[in-house]
Visitor: 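Here it is, the structure, as structure tokens.
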Protein chains: 2
Amino acid sequence: MKLTEKKVSSILRRQGYKLTPQRRAVLNAIAANKDHLTPAEIFDRVRREYPGIGLVTIYRTLDILTDLGLICEVHSGGHCRSYLMRRPQEHHHHLVCSDCGTVTDFTNCDLSALEQRLSRETGFHVEGHLLEFSGRCQSCQTITP
Amino acid sequence: MKLTEKKVSSILRRQGYKLTPQRRAVLNAIAANKDHLTPAEIFDRVRREYPGIGLVTIYRTLDILTDLGLICEVHSGGHCRSYLMRRPQEHHHHLVCSDCGTVTDFTNCDLSALEQRLSRETGFHVEGHLLEFSGRCQSCQTITP
DNA sequence: GCGTAATTGAAAATAATTTTCATTTATAGT
DNA sequence: ACTATAAATGAAAATTATTTTCAATTACGC
């Protein structure tokens, strides 16, 4: 299910948000990349096609889009905030290439057996998990560093 | 295997670092907590017993201790840097209580089956993973929020 | 088209982290 | 114990990241 502009617009409006050209530009910048972008990187890219935009707007837009589940955050690599289009709408995780930054999604993480074991062993009531893999994507494996 | 002062000292010296009273104080502050602490929190605690210490020293010490594998970082909860004594020396992960912050370690994450599946499906050569569980520890489950 | 609530950008404020540098200190070698 | 020296420290300034404030502007339901 491709995320059309109409769909995005209706998701935003359903929550009382407006689809401004700035927000559209931010979404397009994120959607145009297969790797993850920091707020500053998004700012730079959006500015090319929308020179007047302020960095504040980037931050505000990223917060809203994250709340609405339209974009995801990536953590691998030590940086704190880096964003990516949310592709599968279901629960999923990321494989992040440490060389080129390309992100591949996968579903069915299937941690329930592990969660049950942990509940049993530790008494923890597990509510969520943070899981990300890092490594080299297929096209980065052949090139020597 | 308990991490004695002698052991810490020798680990530091082996890499050409010195065991200063400041570093000892930072280690003690981290070791004294079962939950994770941010650099600012560590600064506040260390300052009580060592008033002259600078925040810079905290940052520098945390970097060194992380490099040497004496402390771990925790990511759950959205904050970026929060530290914890490294307890099992082996590969392990954390269960973080979202209520009181207590961190429980576990080993044998056993993601190899998943990693193999991902390699097969995506061509990724998986090199590492970031895994953390969040939830409620046993003693925080009984109290209503 | 109009009214209004939402959004924007600039600037200032705050927070987090790093760099620089002169001074101090831990420790290996004597 | 004493000394030389490389490493470490703290203060201040610099940098980077993020949030708040506010007056002006704009999207969109009516």
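Quick note on labels: first sequence line is chain A, next is B, and so on, each numbered from 1. Fair warning: this is a prediction, and the values are worked out from it, not measured in the lab.
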Visitor: Between atom CD1 in Ile58(B) and atom C1' in dA11(D), what is the gap in whole Å?
Guide: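 That distance rounds to 15 Å.
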Visitor: Please pick, from dA11(D), dA11(C), dT9(D), the nucleotide with the shortest atom-to-atom distance to any side-chain atom of Arg23(B).
Guide: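 Closest nucleotide among those given: dT9(D).
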Visitor: How long is the line joining CZ of Arg47(A) and P of dT8(C), in whole Å?
Guide: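 Between P of dT8(C) and CZ of Arg47(A): 17 Å.
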Visitor: From CD1 of Ile42(A) over to C1' of dA17(D), roughly how many Å is that when rounded to an integer?
Guide: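 Answer to the nearest Å: 14 Å.
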Visitor: Could you pick out which residue, Gly16(A) or Gly52(A), lies toward the 5' side of DNA chain C when each is mapped onto its nearest nucleotide?
Guide: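 Nearest-nucleotide comparison on DNA chain C picks Gly16(A).
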Visitor: Taking all heavy atoms of Ile58(B) and all of Phe43(B), pick out the closest pair and write down the distance.
Guide: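 Minimum heavy-atom contact is CG1-CD1, 3.8 Å.
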Visitor: Give the minimum heavy-atom separation between Glu115(B) and His129(B), together with the two atoms involved.
Guide: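 The answer is OE2-ND1, 2.9 Å.
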Visitor: To the side chain of Leu55(B), which of dT18(C), dT20(D), dT17(C) is closest?
Guide: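 Nearest listed nucleotide: dT17(C).
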Visitor: Work out which heavy atom in Tyr83(A) is nearest to a heavy atom in Pro39(A); give both atom names and the distance.
Guide: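 Closest approach of Tyr83(A) to Pro39(A), heavy atoms only: CE1-CG, 4.2 Å.
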Visitor: Taking OP1 and OP2 of dA16(C), is either one under 4.0 Å from a side-chain nitrogen or oxygen of Arg81(B)?
Guide: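 No, because none of the side-chain N or O atoms of Arg81(B) sits under 4.0 Å from OP1 or OP2 of dA16(C).
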Visitor: Distances under 3.5 Å between protein N/O atoms and the N/O atoms of nucleotides 25-28 of chain C, please, pair by pair.
Guide:
unit_1  : atom_1 : unit_2   : atom_2 : d
dA26(C) : N3     : Lys18(B) : NZ     : 3.2
dT27(C) : OP1    : Leu19(B) : N      : 3.3

Visitor: Can you tell me how far P of dA8(D) sits from CG of Asp67(B), to the nearest Å?
Guide: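 From Asp67(B) CG to dA8(D) P: 12 Å.
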Visitor: Under the criterion side-chain contact (heavy atoms from CB on, under 4.5 Å), which of Val56(A), Thr61(A), Leu55(A) is the partner of Tyr59(A)?
Guide: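 Result for side-chain contact (heavy atoms from CB on, under 4.5 Å) with Tyr59(A): Leu55(A).
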Visitor: Nearest-Å distance, CG (Asp63(A)) to C1' (dT7(C))?
Guide: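 To the nearest whole Å, that distance equals 14 Å.
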Visitor: Does any non-hydrogen side-chain atom of Arg13(A) lie less than 4.5 Å from one of Leu19(A)?
Guide: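 Not touching, per the 4.5 Å side-chain cut-off.
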Visitor: Taking the side chain as every heavy atom from C-beta outward, state whether Gln89(B) and Arg87(B) have any pair of such atoms under 4.5 Å apart.
Guide: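 A side-chain contact under 4.5 Å is absent here.
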Visitor: Which of these nucleotides, dT19(D), dA16(C), dA12(D), is closest to any side-chain atom of Tyr59(A)?
Guide: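 Closest nucleotide among those given: dT19(D).
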Visitor: As a test of reading the structure: which of dG10(D), dT17(C), dT7(C) is closest to the side chain of Pro39(B), going by heavy atoms?
Guide: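 Selected nucleotide: dT17(C).
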Visitor: Could you tell me how far apart Glu41(B) (CD) and dT17(C) (C1') are, to the nearest whole angstrom?
Guide: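 Atom CD in Glu41(B) sits about 16 Å away from atom C1' in dT17(C).
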Visitor: Are Cys137(B) and Thr104(B) packed together at the side-chain level, in the sense that at least one heavy-atom pair is separated by less than 4.5 angstrom?
Guide: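 With C-beta onward as the side chain, the pair stays apart.
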Visitor: Write down the distance between CD (Glu73(B)) and C1' (dA16(C)), rounded to a whole number of angstrom.
Guide: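 Answer to the nearest Å: 14 Å.
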Visitor: Atom OH of Tyr83(B) and atom C1' of dA16(C): how far apart are they, to the nearest Å?
Guide: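 Checked: the OH to C1' distance equals 12 Å.
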